[in-house]
Structure formats: C-alpha cells, structure tokens
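Just below is one structure, and these are the notes that go with it.
Every chain is numbered from 1 and lettered A, B, ... according to where its sequence line falls, protein lines coming before strand lines.
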Protein chains: 2
Amino acid sequence: MLTTSLPGSRNIYAMPTIKDVAKAARCSTATVSRTLASPEKVTEATRERVSRAIAEVGYAPNVAARNLRRAESKTIVALLPDISNPFFSEIINGMEEVAHQAGYQVLIGDCEHDPARAEAYFRLLPTNQADGVLLLTAEVPVSLVQQASAQTNFPLVMACEFFADIDLPTITIDNYQAARHAIDYLVSLGHRRIVTLSGPAANPICIERVRGYHDTLAAHGLSDAIHVAEGDFGFRSGYLQGLTLLAPSNTRPTAIFCHSDEMAIGVLKAARQLDIPVPEKLSVIGFDNIGFSEYCEPELTTISQPRTQIGQQAMRLLISLIKNEPAVRHQTLSTQLIVRQSTGKIQS
Amino acid sequence: MLTTSLPGSRNIYAMPTIKDVAKAARCSTATVSRTLASPEKVTEATRERVSRAIAEVGYAPNVAARNLRRAESKTIVALLPDISNPFFSEIINGMEEVAHQAGYQVLIGDCEHDPARAEAYFRLLPTNQADGVLLLTAEVPVSLVQQASAQTNFPLVMACEFFADIDLPTITIDNYQAARHAIDYLVSLGHRRIVTLSGPAANPICIERVRGYHDTLAAHGLSDAIHVAEGDFGFRSGYLQGLTLLAPSNTRPTAIFCHSDEMAIGVLKAARQLDIPVPEKLSVIGFDNIGFSEYCEPELTTISQPRTQIGQQAMRLLISLIKNEPAVRHQTLSTQLIVRQSTGKIQS
DNA sequence: CTTATCGGTGTAATGCTTTACATTAAAATA
DNA sequence: TATTTTAATGTAAAGCATTACACCGATAAG
C-alpha cells in the first residue's frame, strides 16, 4: 500500500525533542531536563547553553511524555451541575486564576445531573488524566465520592455544596446563618407570612437554609407560618411556584425567601403577572447576587456569596492536597445581605 | 441514604496496566490493545476472553501513554472571550455533546481579553496537549491565528465570530441579515429614530450588524437618522449608554437595537430610571435570546441564535478537520426574530 | 599528600501503550 | 499432498521525558 501519509503518521514538521536540544547544547538529555525542572542543579554556563539551544531548535516539552513519566497531568477537573447557571462563572474565574498560577489546567465538567458523566470525570483521576477533582455539586453518585474520599491519594475538594454524611475538604458558606440573616431581616420589616422557595429538597445546602428559616421563625414565635416550597434553582421553577404561592388567598405570603436569584426573578415575574406590587405587597429575597439581580425590576435584595474567593480558596486547598502540603480542610466564607428594592416594610 | 454501587465500579481507583490484562487473558499486550482499538482484528473467542480479563482486573488505559504513542490528546480547546456571558453556555453544551460522542474532551479557555492567555492556549496544540482549537472570539492576536491557519496541520474552527481578512473554517450566522430583519421590523412599527447600540466597534460581527442597520435605514430613506453607539456587550455598558441615549432631547430615539441581550436589559433599566415606558415610548431589541430575556420587564424582543447547533456544527467541523475528512468549511445558520413585549408601534 | 565530600553531569532504566514486523496456525488452492 | 494465502497472535521497538544511580574531577578535611 502506497500512501503519502501513513495512518497514524505524525506531523511532518516533527517537533524537536529533548534529544535535539541535548545535541545542540552538547550535553545529555538529563541535563536539559534538569535545566528545565530544577535550574539550580546546573551550572550557570550550562543553563545558558541549554537555554540557547532550546530557543535555537524551538523546543517545547512533550507534555504527554512528561505526564506519563511523572504520573500526573497538571489538570484539575471541576464538576458543575449546570454550566449555564451564571452563579458559577465567577467561581470558575477564581479557580482558573489560582490553577494557572500553579501550572494547572482546569477541565470543566458539566454533569447535567447525569451520574454517568460524573463517573466519567471521576475516572480521569486514576487514568492520570487529572490530578484532582473540585466538586461544585452534590448531585453525583454518593458511592463515587465515598470511594474517592476513602482513597488517600484522591485529591477531592468540595465547594459551595457538601455532603451531610461524608467529611470532605470543603470551602463553603454558612448557609444556616445566611438564611437566619435573611429571615430576621424580613421579620424586622414586619413580615409574618414568609415562605421559603427552596432548591431541591434533598440538597444539603437547602436543608441548612431551611433549617435557618425554621429556627428563625421559631425564635419569633412564628412556627405556625412555616411553609417551604421546592424549586430547582432555575427561572422557570421560580415563576411557576410563584404563580402557585401568590394565588389569591387570605394566607398569601408577604415575603418569599428564594434559594437562588433565578428563582427570585421568576417569582418577580409571577408577581407582576398577578399584579402584586413588589415590595409594597410582597418582599422577595434571592440568593447568590448574580449579575442580573441588579438589572431586574425591582432590583433584587439578595445574599451575596464571595464567589471569586470560593473558587480561589477551593483551588488552593485542592492544590495543597495534591502536593501533600498541610492545609486547613474546612473554610467557611462570609456572606452578605445586599438590600435593594425587592424588599420593604409590610403594608396592609 | 442508600449508597448504590455503580455497574462495574469495583475498584476504579487502583490502576492495573495492559500487562495485567494480558496475563489474565493469557495473551500478549498487543492482542489486548487490538481488542480495544480494532476488535474486528481479533477472534470472537479472544475478544471475549480479553473483555472478561479487563473487567476482572478493572483495567482502564493510561491515557498519557496512549497520547504519547499516538501523538494526540483527544482534547479540544475552546476559546471564549468571557465565560460569564450566558450566551456561551448552550454553545458549550452543543460542543461538548458532539465532542464526547467522538471521544474528545473540551478544555474551555477563558481569554478574558488577555492575548497572553490566548497564546498559551494556542501553544497546547504543537505540544500535543490539544488536537484542535475552536475559536469563539476574534479577540486574540491576529498573528497567532495567521500562523495557525498557515499551518496545514493546525485544525482551527471559528464559531460565531470571524476575521474579516482571514479565511478560516467558520460556523456563523448571517449578522447582516439578522440586523436588517430587526431594523425592518422596527421601521414597520413606525420607528424613524433608531439607534444601534453596538458591541466593540472593531468586532467583525458588529461591523456586519451595523452594515445591516445602515443599509436598511438607507433603503427606507432614513440615512439621516443613523446613529451608532458603542458598548461592550455587558449589562453595565447598556445601562450607561442607555442613560446617555435616552437623555431628554427632541431627537431622542424611539427604538434601540442592541447587539446583546445584556445591553438591551441595561437599556431597559435606564429607560425605567428615566420614566420612559417600554414599549409605549421606546422599543428595544436585543440579540442572542439568553434565558433572562424572558424574565426581564418587559420581556425582551430579541434575535435568537441556534446556539446549541452552532456548538454542535462547529465541533463536527473541527473533528472532521482533525481526522482529515472532507467537510464543508463554511456554514451559516439561521436566526429568528423573537417578538416579545419590549417592542411596539410608535406612539406620540 | 591522602581521603572523604560534593557539585555537576552522563547512562540507562522506567512509565504504558501502540504498531511494524515476525511468526504461527489454519484455510484455500494447485 | 504440497504450496500459497490469509488470519491471528506474539515480539519488540518506538514514542519522549524523568530520574535513580554511577561517575568524575575538584575542593575540603584530615
């Protein structure tokens, strides 16, 4: 068989290898490698000779070979539940910033609530395609996480979310306190019928927030008014639940505490549709402080999370674990209630 | 909570090699490799024996070794200008879907308008860390792209955006026609003072849209009313430009055609602040049809791009290029004007 | 003046898979 | 039956960088 380009044949303009550099610098490949990996082990003169040779032949290390030999990949997998949620973009920025600085790449894995995908991404670790996993969702098979956390050499950090029954290194906020803060604020405005529009009920962060809601109402003697509705964090579920919750009734809530800004914005739309003025007749609080929350009508009161910081700290922690450096395994970052125009004193 | 074990997930974190499989299946490593890479080259019996052995020892190929040997990485770099722009999330989904199906990973590179970052990502190709580049922004050093496109073996596809003077394989929409459509619609509603709020003036897609705006106004004899303002696609620039454009004046525009939904939503906020009712006194058209456009007030009339499809087709094209398969180098996908509540007949 | 020490460098093994080429067994042909 | 073809498998050489170990000359210590 005569073919101009053989199947599997490589680049005709073959990249130079470390051998070519060694030849050009009249030294061994070991010396070249050392010049790159630990320059202090090499004479000033050699270093210069090798550097010149590298420039001369246009050498760049073959990363696959390096990865193979070092049994690492300098890649970190970040697992998200849903990349289209704008909440994550700043977290990603924070992560990438720290990762790049430390010479790592970030492979973003959108799980789309599909366990098979999550497993595929986890599998990148044992096959040396990734050095660590940054988990931004609890919606992955628990067994996977348990196996991983049981392994000593499986660097895994959780951010934002967490598992109630698995102790992973975690960067998180205090969801309980954040909820207490929000509800306290609503009560202080005079609200008595306050509904929580939660994310998926099984989600640990939602459970925490609901607990905060619960306890705060109880502390004010409002336990009778407890009412938790469930959404999925998205616009649409907020809108639909809003229509239901705000339907005419003599126990219609005067305030809704939403577990995401998207849902809160959905509720605002429902309120508009039902001609319920916000904040005059209804107060709405969101969660996350996404970009939109300043541009909706009315501007949204919400709980802000330090997203960039979450991403940075989570990545720092993960890299420490990868390098087996000592690190604080748990960090709770602070949130902030940002009061805008979607909340106000109760009027009757 | 019940922890279910996934099918075939016994000890996925300890990695046997192909040798272990060969031993267990009593054959050579070559046969194992062939069983995986080209099963038809192997007896039914062997195939089964090997498959059983693989399952038995829990083998998964070491990808770094494979990559090294095959001189490929099965990784594709997708370069975005800004990951926090929700416009890209569906495109990413489309890309990933096709990529995964073909056995590729997608490495998302946020350039953040930083040429150095873009260059770093481009460099992944010659070092075998990536097999192709999917470019979703024209904000990268032109020299890089020119060098790359000059190489015969540099698979590079552009999506959404393009370069006026470099002929790259491209998946795009007809920005000119989309703009014409939008402006025609506004004129048909009676608008005469129509402003375009463009993205960065140097951006080729914006130039096309401005050209469509221009020509449409000219076609209606409205050339005198041409007025192009410049933003950066973000909320804030829309808001600020909105405040300027809508300042009291006897030539205040009655319609604004924005090159992104975010800017359009910013304009809506400015209009609210200036007590200009939309659509009664001002019509606003956005571009992209992001999720939020249905939840703002009023719901936004906008031009929808087939984002998932753009991602899919771009990835298909790129993979064809990588595999040296024949492929259509240019595709223009169709847009749709989605009329909601931010546009209406001119009233005065 | 030896001997131990040490910094700098080279040699060669190693990581794991793929695949060209060699070999063998089986089937097809003469 | 002998010979050619074909199919299936095995052997071993890449692919490229890293690094344990060996080596050498030079300096420090005795």
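For the contact set between residues 41-49 of chain A and DNA chain C, defined by any heavy atom under 4.0 Å, the members are A/Val42, A/Thr43, A/Thr46.
Under the salt bridge (Lys or Arg N to Asp or Glu O under 4.0 Å) criterion, B/Glu48 pairs with no residue at all, not counting sequence neighbours. For A/Asp131, the side-chain hydrogen bond (donor to acceptor under 3.5 Å, both in side chains) criterion is met by A/Ser73, not counting sequence neighbours.
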Pairs under 3.5 Å (N/O, protein and nucleotides 12-16 of chain C):
{"from": "C/dT14", "atom 1": "O2", "to": "A/Arg69", "atom 2": "NH1", "distance (Å)": "2.4"}

Report each atom pair, protein N/O against N/O of nucleotides 21-28 of chain C, whose distance is under 3.5 angstrom.
none

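Residue pairs that meet the ring pair (Phe, Tyr, Trp, His ring centres under 6.0 Å) test with at least one member in residues 39-75 of chain A, sequence neighbours left out, do not exist here. Screening residues 148-171 of chain B for salt bridge (Lys or Arg N to Asp or Glu O under 4.0 Å) gives B/Asp167-B/Arg329 as the qualifying pairs, with residues at least two apart or on separate chains. Listed by first then second residue, pairs satisfying ring pair (Phe, Tyr, Trp, His ring centres under 6.0 Å) with a partner in residues 116-157 of chain B read B/Phe122-B/Phe154, not counting sequence neighbours. Pairs engaging residues 29-42 of chain B under the side-chain hydrogen bond (donor to acceptor under 3.5 Å, both in side chains) rule: B/Ser28-B/Thr31 [sequence neighbours left out]. For residues 89-109 of chain A, the salt bridge (Lys or Arg N to Asp or Glu O under 4.0 Å) pairs, not counting sequence neighbours, are A/Glu90-A/Arg307.
Taking a 6.0 Å sphere around NZ of A/Lys23, one finds it holds 12 or fewer heavy atoms contributed by other residues, nucleotides or ligands.
A sub-4.0 Å separation between OP1 or OP2 of C/dG10 and a side-chain N or O of A/Thr31 is present.
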Side-chain donor-acceptor distances from residues 102-110 of chain B under 3.5 Å, at least two apart:
{"from": "B/Asp110", "atom 1": "OD1", "to": "B/Glu112", "atom 2": "N", "distance (Å)": "3.0"}
{"from": "B/Asp110", "atom 1": "OD2", "to": "B/Ile83", "atom 2": "N", "distance (Å)": "3.1"}

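Rounded to 10 degrees, the angle separating the terminal axes of the helix from C/dC1-D/dG30 to C/dA30-D/dT1 is 40°, with each axis obtained from five end pairs.
In this structure, B/Asn67 atom CG and C/dT17 atom P are separated by 12 Å, rounded to whole Å.
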